Amino acid sequence: MTAEVVTLGECLISLIAVQPGSLAEAAVFERHVAGAEANVAVGLARLGHSVAYIGRVGRDGFGTAVNRRLRGEGVDISHLKVDHDATTGLMLRERRVLGAAEVVYARTGSAGSRLTPDDVRQAATDGLFDVGRWLHLTGITPALSETASAAVTLALDLAREADMTVSFDVNLRRRLWSDEAAAPVLRPLAERSDIVLGSPDELIVLTGSSHTDPVVLAKQVLDLGPTIAVVKLGVDGALGQERGGEPVRSPAHTIPIVMDPVGAGDGFCAGFIAARLEGEDLAAALRSANACGAAAVAAVGDLAGLPTRVELVRLLGDDGQDTIR
Ligand code: KDG
């Protein structure tokens, strides 16, 4: 086991409407592999980093598709179990160019939601937390079940003991739980993470803030305990702040057409983590994150647009400035 980055969560099959428009009119769907942490894992692997993924899929063709895709992308799936008693989770969604896309989940009781602390313990016994430098978590997995939530907490405990860097992407999913249920579960995870990333509305729920200003939100996140706060601002790029430092703003890449906005945040995280693993400062990490987020939305599906190293270098341009036309 030699992965630099460890992550865990639920891998889903995402059925995406082929035609843009309302879900009510969608008749033909395309199959994609999705799941926030898996997206980040693939993003990192494409950028040349070694990643191990802990999770479960069902003993069905969809689980096989997930397995093949992650393995094909170079993600270490030795700890992606096949659960014989549940099916792979599904997500169906429309393609919408204007506004948020409607999503329907079929994941209650899914294999991914049956992740347990024992799954994480097994990965630890096999050395994943001895070798890893970085643990990436999101706020989706704790929403899936009591055992999945406990698995996330155990992974965080192990990472802290092993002195790994921990990033936590809030990823509030209001189809899975209410803000009132989410906040008390997500806050302790954020408090014990090094880097917290989220959109303003997610950070408001996390911190209990009454402010929408990203500068104020970043400060409130730092007050919880992390050393870096990152506010994802979509078309306005991102704002990051390091403890003791000034807020750093980073503009978004201009892209001619958004093909599919879902997965932008995961691409952003992959770009950010990769840059930090390579020793880049906050400003450079935000640039890399914005470029990867932009690349993700320029293709349909969560994974298709995630850039390789060569593509990222090209996107950033030799001088590190935006060169997307
Ligand atoms: O960030 C994209 C994810 O939301 C998508 O892949 C599905 O993980 C997912 C979820 O639980 O919504």
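Bear in mind the structure is a predicted one, so any value in this text is a computation, not a measurement. Each ligand, and each atom within it, is numbered from 1 in the order the structure gives. All values below come from the heavy atoms of this structure, side chains included, with hydrogens, waters and symmetry mates left out.
Of the N or O atoms in Ala34, none lie within a sub-3.5 Å distance of an N or O in ligand 1.
Ionic pairing of Arg249 and Asp236 is not present here: no N-O contact between side-chain nitrogen and carboxylate oxygen is shorter than 4.0 angstrom. Of the charged side-chain nitrogens involved, at least one lies within less than 4.0 Å of a carboxylate oxygen, so that Arg69 and Glu73 count as a salt-bridged pair.
Relative to atom 11 (O) of ligand 1, the option among Arg175, Met91, Glu10, Arg107 with the closest non-hydrogen atom is Arg107. Of the listed options Asp302, Leu303, Asn171, Asp302 places a heavy atom closest to atom 5 (C) of ligand 1.
Close contacts between ligand 1 and Arg173 involve ligand atoms 1 (O), 2 (C), 3 (C), 4 (O), 10 (C), 12 (O) [criterion: under 4.0 Å to a heavy atom]. Taking every heavy atom of Asn39 and a limit of under 4.0 angstrom, the matching atoms of ligand 1 come to 2 (C), 6 (O). Numbered from 1 in the order shown, with element, the atoms of ligand 1 that lie under 4.0 Å from a heavy atom of Tyr105 read 10 (C), 11 (O), 12 (O). Here is the list of ligand 1 atoms found below 4.0 Å of a heavy atom in Asp266: 1 (O), 2 (C).
Proximity of Leu203 to Gln220: side-chain heavy atoms (C-beta onward) are nowhere separated by under 4.5 Å. Between Leu128 and Asp126, every side-chain heavy-atom pair lies at or beyond the 4.5 Å cut-off. Contact annotation: the side chain of Arg31 approaches that of Phe62 to within less than 4.5 Å [non-hydrogen atoms, C-beta and beyond].
When only non-hydrogen protein atoms are considered, atom 8 (O) of ligand 1 lies nearest to Ala36 N, 2.9 Å.
At least one heavy atom of Gly35 lies less than 4.0 angstrom from ligand 1.
What you find for Arg276 and Glu280 is that their closest heavy atoms are NH1-O, 3.2 Å.
Rounding to the nearest 0.5 angstrom, the gap separating the CG atom in Asp119 from the CD1 atom in Ile54 is 8.0 Å.
Contact annotation: for Leu12 versus ligand 1, heavy atoms closer than 4.0 Å belong to the side chain alone.
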